[in-house]
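Quick notes on the structure that follows.
Here the structure is a predicted model, which is why all the values come from computation and not from measurement. In this chain, residues are counted from 1 in sequence order. Computed from heavy atoms alone, side chains included, the values below leave out hydrogens, waters and symmetry copies.
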Amino acid sequence: MKKLLLIVTTMVLSSTIFAQGLKDYSAKHGFTMGAGLSYDQIMDVEILEKAETDFNTFTATNEFKAYSLLNLKQSQESKNKMPVMNYTKADNMCLAADVAGLKIRGHVLVWDAYMPDWFFRQNYDPNADFVDRKTMLKRLEYYITDVITHFETNFPGLVYCWDVVNEAVADSQSEAAYNDKCRIRKTRGGKENLFYTVIGQDYVEQSFKFARKVVNKLNPEIKLFYNDYSTFQYSKKQAIIELIKTLNKKEKLCDGMGMQGYIGGYGTQGGCMNKGDISTIKQAILDYAALGIDVQLTEMAVRNYKKEDSYTKQHAEFYKSLFEMFKELNSGDKKPLTSVSIWGLCDNPYLQTKDYSYKMNGPYCGIYDENFNNKSSYNGIVNALK
Ligand code: GLA
């Protein structure tokens with residue numbers, strides 16, 4: 001691994017010393033650029049070179065999530081009864097990121113989706129009953145502490161922020177308790193949110209408290225984020241604002257709002273590249289920033305399902321308008337937007353329509369084509385920022 005990284009370092013450094021990338025343009029407007037990359041992508045020298053040129057930070061698409069880190073067998077055998085994590089893949093990604101000078105958005109500590117059910121059960125036995133609240137809080141604290149500590153100890157300063165909780169606010173009140181203004185989700189698509197079931201509505205606050213305690217001890221510079229989707233839709237935004245106000249009432253538990261940023265129709269071209277979305281996103285950035293926290297676009301993907309020239313052109317124009325808005329927002333002394341991370345970085349024409357990523361991103365949402373060449377959408381961003 002070390003030898004490979006040495007070769008990569010030499011290649012990366014020699015090829016990118018003079019190149020201007022997206023991060024150089026965004027820096028002039030006070031925000032950083034990031035990229036969502038999978039394990040295979042960050043291990044690919046060519047992609048790592050591109051990332052070094054264009055981005056300040058990267059987010060592992062799945063490998064830092066609990067479902068990737070938790071080890072069932074070792075947890076069942078653990079002497080102190082606390083969960084056991086396997087960090088091998090995530091560590092390799094840290095090494096690669098470090099070589100390319102990329103800081104890392106830690107994503108994510110607590111997310112109900114895809115969470116292994118056994119984590120909530122007695123002796124981590126998939127067939128046993130759920131543990132009680134007290135035991136679950138202990139496990140949660142242990143998990144959060146161990147993960148933050150692992151990365152900060154092995155790669156000091158590399159993980160510059162953590163999404164502490166992802167997607168805890170429900171899309172509608174019907175998925176939450178009727179009197180809960182923060183609308184913490186009890187269910188997702190009909191499935192129970194086990195953090196809610198076993199701990200209760202305050203699992204979000206408890207998670208932030210645990211994370212705050214660790215970063216205060218290890219490195220108070222690490223920023224703690226709440227991250228969610230549809231954050232620019234009015235009623236969801238109101239619920240998120242309530243949540244952040246609650247979190248920050250007594251002490252500042254939450255430093256930042258992560259707006260995922262999937263824009264356009266889910267799974268279909270209809271509703272994509274609607275100019276109205278740009279002003280709603282702008283308003284949302286201002287509203288979250290007014291809470292005295294950082295705002296980042298954490299999973300920016302302008303969906304596009306068609307390869308035709310007219311759509312490619314529209315996509316590039318949309319990216320340009322979007323970044324013109326970001327530039328304008330940050331043109332005063334106050335810089336409400338601190339970072340933009342692109343998630344569906346490159347086109348993926350081979351995606352099957354039934355594939356989750358097809359619906360989430362669309363096959364032509366990239367700013368790079370499928371061979372990692374810059375597309376007109378990439379140039380749209382440059383033209384907006386230069
Ligand atoms: C959510 C998560 C991401 C990723 C996408 C799907 O937005 O926050 O980590 O899993 O879904 O690509």
Side-chain angles (χ1 to χ4, degrees), residues 33-42 47 51 55 58-68 105 107-108 111-115 163 165-172 175 185 187-191 193 225-233 236 240 257-274 277-278 280-281 284 296-307 311-312 314-316 318-319 322 339-370 372 375 377-378 381:
M33 290 295 301
L37 295 171
S38 67
Y39 185 83
D40 290 345
Q41 286 177 324
I42 202 162
I47 299 175
F55 303 106
F58 111 97
T59 312
T61 47
N62 292 318
E63 296 77 0
F64 283 46
K65 293 173 180 167
Y67 68 74
S68 304
R105 288 200 86 253
H107 174 73
V108 47
W111 188 29
D112 61 298
Y114 309 102
M115 194 59 197
D163 286 332
V165 180
N166 200 24
E167 302 180 352
V169 173
D171 294 344
S172 76
E175 290 176 305
R185 69 163 74 247
T187 58
R188 167 190 296 270
K191 211 171 157 251
N193 171 358
F225 276 74
Y226 174 71
N227 193 53
D228 212 328
Y229 65 87
S230 299
T231 54
F232 42 96
Q233 285 171 6
K236 188 151 175 179
I240 295 174
M257 176 63 204
M259 298 173 62
Q260 289 188 10
Y262 295 88
I263 305 183
Y266 178 72
T268 137
Q269 191 68 39
C272 288
M273 287 157 327
N274 168 3
D277 285 339
I278 295 184
T280 5
I281 295 169
Q296 299 192 345
L297 259 304
T298 54
E299 301 176 31
M300 183 84 251
V302 178
R303 292 175 176 135
N304 183 25
Y305 295 84
K306 301 205 175 171
K307 199 176 165 54
Y311 287 96
T312 309
Q314 224 184 312
H315 191 251
F318 195 92
Y319 255 120
L322 197 58
S339 183
V340 179
S341 289
I342 311 274
W343 201 262
L345 208 52
C346 62
D347 286 352
N348 191 349
Y350 311 107
L351 274 178
Q352 301 290 310
T353 48
K354 62 176 190 306
D355 196 305
Y356 183 61
S357 298
Y358 179 94
K359 297 194 187 97
M360 275 306 272
N361 296 94
Y364 303 106
C365 76
I367 59 166
Y368 302 139
D369 67 16
E370 69 265 36
F372 270 82
K375 276 173 57 183
S377 306
Y378 178 101
I381 299 179

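Residues L345 and F55 are in side-chain contact: their nearest non-hydrogen atoms beyond the backbone lie under 4.5 Å apart. Residues R185 and D171 are in side-chain contact: their nearest non-hydrogen atoms beyond the backbone lie under 4.5 Å apart. Using a 4.5 Å heavy-atom cutoff, the side chains of Y262 and E299 are in contact. In this structure the side chain of P349 never reaches within 4.5 angstrom of the side chain of K307, judged on heavy atoms. At least one side-chain heavy atom of Y319 sits under 4.5 Å from a side-chain heavy atom of M300. Within the 4.5 Å cutoff, side-chain heavy atoms of N304 are placed close to those of Q269.
For D163 (side chain) and V165 (main-chain N/O), no donor-acceptor pair under 3.5 Å exists by modelled atom type. For E63 (side chain) and Y39 (main-chain N/O), a donor-acceptor pair under 3.5 Å exists by modelled atom type. In this structure, R303 contributes its side chain and C272 its backbone to no donor-acceptor pair below 3.5 Å. A donor-acceptor pair is defined here as one N or O able to donate and one able to accept, closer than 3.5 Å; no such pair exists between the side chain of D369 and the backbone of K375. For the pair Y226 (side chain) and I240 (backbone), a donor-acceptor distance under 3.5 Å is absent. Within the 3.5 Å criterion, the main-chain N or O of K236 finds no donor-acceptor partner in the side chain of T231.
Considering all non-hydrogen atoms of both residues, G36 and Q41 come closest at O-OE1, 4.0 Å. The minimum heavy-atom distance linking N62 with S68 is given by the pair O-OG, 2.7 Å. Contact record, C365 with G344: SG-O, 3.3 Å, taken as the closest heavy-atom pair.
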Side chain to side chain contact (heavy atoms under 4.5 Å, CB included) evaluation trace for Q260 with W343
CA-CA 9 Å; Q260 289 188 10; W343 201 262; over 6 Å; no
Which is it for F225 and Q296 under the side chain to side chain contact (heavy atoms under 4.5 Å, CB included) test, yes or no, and what are the steps along the way?
CA-CA 9 Å; F225 276 74; Q296 299 192 345; 3.5 Å; yes
Take T59 and F64, measure what side chain to side chain contact (heavy atoms under 4.5 Å, CB included) needs, and give me the verdict at the end.
CA-CA 9 Å; T59 312; F64 283 46; over 6 Å; no
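The structure places OG1 of T298 at 9.0 Å from CG of D228, a figure rounded to the nearest 0.5 Å. Distance check: F372 CZ to I47 CD1 gives 4.0 Å after rounding to the nearest 0.5 Å. A distance of 8.0 Å separates CG of L322 from CD1 of I381, quoted to the nearest 0.5 Å. The distance from the CZ atom of F232 to the CD1 atom of I281 is 4.5 Å, given to the nearest 0.5 Å. To the nearest 0.5 Å, atom OG1 of residue T268 and atom NZ of residue K359 are 12.0 Å apart. For the atom pair CG (D347) and CD1 (I367), the distance works out to 10.5 Å, reported to the nearest 0.5 Å.
Y358 pairs by the ring-ring contact (aromatic ring centres under 6.0 Å, His included) definition with Y305, not counting sequence neighbours.
Proximity of the aromatic rings of H315 and Y311 is defined here by a centroid distance below 6.0 angstrom, and this criterion is not met.
Aromatic ring orientation, W111 versus H107: tilted (interplanar angle from 30° to 60°).
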